[in-house]
Chemist: 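Take a look at this one; I'll ask things after.
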Amino acid sequence: MRDLAKHQGLRNQLVSLLERKGITDKNVLEAIRKIPRHLFLNSSFEDFAYQDKPFPIAAGQTISQPYTVAFQTELLQVKKDDKVLEIGTGSGYQTAVLYTMGAKVYSIERQNELFKSTSLLLPKLGIRPKHLAFGDGYKGLPNFAPFDSIIVTAGAPYIPQPLMAQLKIGGRLVIPVGEDVQVMTLLVRKNETQFEKHEFGDFRFVPLLEDKN
Ligand code: SAH
C-alpha cells in the first residue's frame with residue numbers, strides 16, 4: 001500500500017473532525033495529519049482507515065479510535081525530546097504519533113505476533129522508537145526509567161505501582177482504569193510520594209492483561 005493524495009485528503013477531514021470534537025493541541029493534530037494510518041491496518045480496511053473508529057489488528061487486539069489517541073496524547077502534554085513510555089504497542093500507530101511529535105519513545109507489547117510485525121513496520125515508515133520491548137507492561141521498563149510521561153493504551157483494572165514509580169517528578173501518567181468500561185485517568189507526580197489525580201470520562205479499551213497469554 002502507498003500513501004496517496006486521497007489519503008492525505010481523508011486525513012485532513014479527520015483532523016477537522018478531531019478539532020470539532022475538542023482536540024486543540026496543534027502538535028497532536030499535525031502528527032495525525034502526517035501519519036498514514038491506513039498503513040497500520042490490514043489492507044482490507046484501507047477505505048475505512050480515516051474514519052474515527054477502532055479496527056481489529058492481529059492477535060485479537062484493536063488499533064484505538066483516532067479521537068482516543070488524540071485525547072490521551074493531548075493529556076500527556078508531550079514536548080520535544082520527552083522520554084515517553086507506551087504500554088501496548090499494538091499496531092504502532094500511537095508510537096508513531098509520539099515519535100512524530102519529537103518524543104523519545106519506549107514501548108512494550110505482550111503479544112509476540114504484534115511485537116514482531118510492528119518492529120518490522122515502523123522502520124519502514126521512518127519511525128524510530130528508542131526501544132521496543134516484548135514483555136509485560138505492568139512492570140514498565142525499570143532499566144530505562146524515569147520517564148517524562150507514560151501512556152497506557154489498554155484498559156487497566158488498577159494503576160500498576162511500578163508505572164507510578166517510573167515517572168519523573170512533574171511527570172504525567174495517562175491510563176484508562178476499569179474493568180468493562182474505563183475512566184480516563186491522569187496522574188501528575190508532585191513529589192516522591194504524592195500524585196494528583198484527574199478523571200476525564202468513560203472510554204472502552206481491550207484489557208491490559210496480567211500473568212496470562
Ligand atoms: N497503542 C496501540 C493500541 C493497541 S490495543 C495502537 O495504537 O495500535 C492495546 C495493546 O495492549 C494490545 O496490542 C495488547 O496486546 C497490549 N497489551 C495488553 N496487555 C498488555 C501488557 N500487560 N503489557 C503490554 N502490552 C499489553
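Both ligands and their constituent atoms are indexed starting at 1 by order of listing. Just so we're clear, the structure is a prediction, and the values are computed from it rather than from any experiment. Residue indices begin at 1 and follow the sequence shown.
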Chemist: With distance as the sole test, does Asp148 use its side chain to make a donor-acceptor pair with the main-chain N or O of Lys83 at under 3.5 Å?
Modeler: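 Yes, because the side chain of Asp148 sits within donor-acceptor range (under 3.5 Å) of the backbone of Lys83.
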Chemist: Is there a donor-acceptor pair closer than 3.5 Å between any side-chain N or O of Arg189 and the backbone N or O of Ile169?
Modeler: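 Pair absent, no side-chain N/O of Arg189 close to backbone of Ile169.
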Chemist: With a 4.0 Å cut-off on heavy atoms, is Val69 touching ligand 1?
Modeler: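 Under 4.0 Å: no for Val69.
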Chemist: Tell me if a side-chain donor or acceptor on Arg37 pairs with a main-chain N or O of Tyr93 at a distance below 3.5 Å.
Modeler: no
Chemist: Which one of Gln111, Gln94, Glu109 has a non-hydrogen atom at the shortest distance from atom 13 (O) of ligand 1?
Modeler: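 Checking each option, the heavy atom nearest atom 13 (O) of ligand 1 is found in Glu109.
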Chemist: Could you identify the single nearest non-hydrogen protein atom to atom 20 (C) of ligand 1 and state the distance to 0.1 Å?
Modeler: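 Going atom by atom, the protein heavy atom closest to atom 20 (C) of ligand 1 ends up being Arg110 CD, 3.0 Å.
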Chemist: For atom 6 (C) of ligand 1, which of Ser91, Ala133, Ala96, Pro66 has the closest heavy atom?
Modeler: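 Answer by nearest heavy atom: Ser91.
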Chemist: Within the 4.5 Å heavy-atom criterion, are Lys197 and Leu186 side-chain neighbours or not?
Modeler: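 A side-chain contact under 4.5 Å is absent here.
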Chemist: Taking the six-membered ring for Trp, are Phe147 and Tyr106 parallel (under 30°), tilted (30 to 60°) or perpendicular (over 60°)?
Modeler: perpendicular
Chemist: I'd like to check which ligand 1 atoms, numbered from 1 as shown, lie under 4.0 Å from a non-hydrogen atom of Thr62.
Modeler: 3 (C), 4 (C), 5 (S)
Chemist: Is a side-chain N or O of Tyr50 found less than 3.5 angstrom from the main chain of His38, in a donor-acceptor match?
Modeler: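 Yes, the answer is positive, given that a donor and an acceptor are paired below the 3.5 Å cut-off.
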Chemist: Starting from atom 22 (N) of ligand 1, find the nearest protein heavy-atom neighbour and note its residue, name and distance.
Modeler: Leu209 O, 2.7 Å
Chemist: Which ligand 1 atoms, with their elements, are less than 4.0 angstrom from a heavy-atom of Glu86?
Modeler: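 In order of numbering, the contacting atoms are 1 (N).
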Chemist: If you have a sec, work out which protein heavy atom is nearest atom 3 (C) of ligand 1 and how many Å separate them, to one decimal?
Modeler: Thr153 OG1, 3.5 Å
Chemist: Could a heavy atom of Pro207 be found less than 4.0 Å from some atom of ligand 1?
Modeler: yes
Chemist: Please write down residue, atom name and distance for the protein heavy atom closest to atom 12 (C) of ligand 1.
Modeler: Gln61 OE1, 3.3 Å
Chemist: Show me which atoms of ligand 1 lie under 4.0 Å from any heavy atom of Ile108.
Modeler: 24 (C), 25 (N)
Chemist: Just which atoms of ligand 1 are under 4.0 Å from any heavy atom in Gly135?
Modeler: 23 (N), 24 (C)
Chemist: Any side-chain heavy atom of Leu122 sitting closer than 4.5 Å to one from Leu132?
Modeler: yes
Chemist: Can you tell whether the side chains of Lys26 and Glu19 come within less than 4.0 Å, N to carboxylate O?
Modeler: yes
Chemist: Nearest heavy atom to atom 2 (C) of ligand 1: which of Gly88, Ser107, Pro54 does it belong to?
Modeler: Gly88
Chemist: Considering distance alone, does some N or O of Glu210 sit under 3.5 Å from an N or O of ligand 1?
Modeler: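 So ligand 1 has no N or O lying under 3.5 Å from an N or O of Glu210.
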Chemist: Measure centre to centre between the rings of Tyr138 and Tyr158, then say whether the value is under 6.0 Å.
Modeler: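 Judged by ring-centre distance (under 6.0 Å), Tyr138 and Tyr158 do meet the cut-off.
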Chemist: At a 4.0 Å threshold, what atoms of ligand 1 neighbour a non-hydrogen atom of Leu114?
Modeler: 13 (O)
Chemist: Has the side chain of Gln166 got a donor or acceptor atom that lies under 3.5 Å from a matching backbone atom of Lys139?
Modeler: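 A pair under 3.5 Å: yes.
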Chemist: Is the side chain of Gln72 donor-acceptor paired with the backbone N or O of Ile175 at a distance under 3.5 Å, no angle test?
Modeler: no
Chemist: Atoms of ligand 1 less than 4.0 Å from Gly137 heavy atoms?
Modeler: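 Answer for ligand 1: 21 (C), 22 (N), 23 (N), 24 (C).
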Chemist: Pull out every atom of ligand 1 sitting under 4.0 Å from any heavy atom of Val206, numbered as shown with elements.
Modeler: 5 (S), 9 (C)
Chemist: Suppose I only count heavy atoms of Tyr93 and a 4.0 Å limit; which atoms of ligand 1 are within that range?
Modeler: 7 (O)
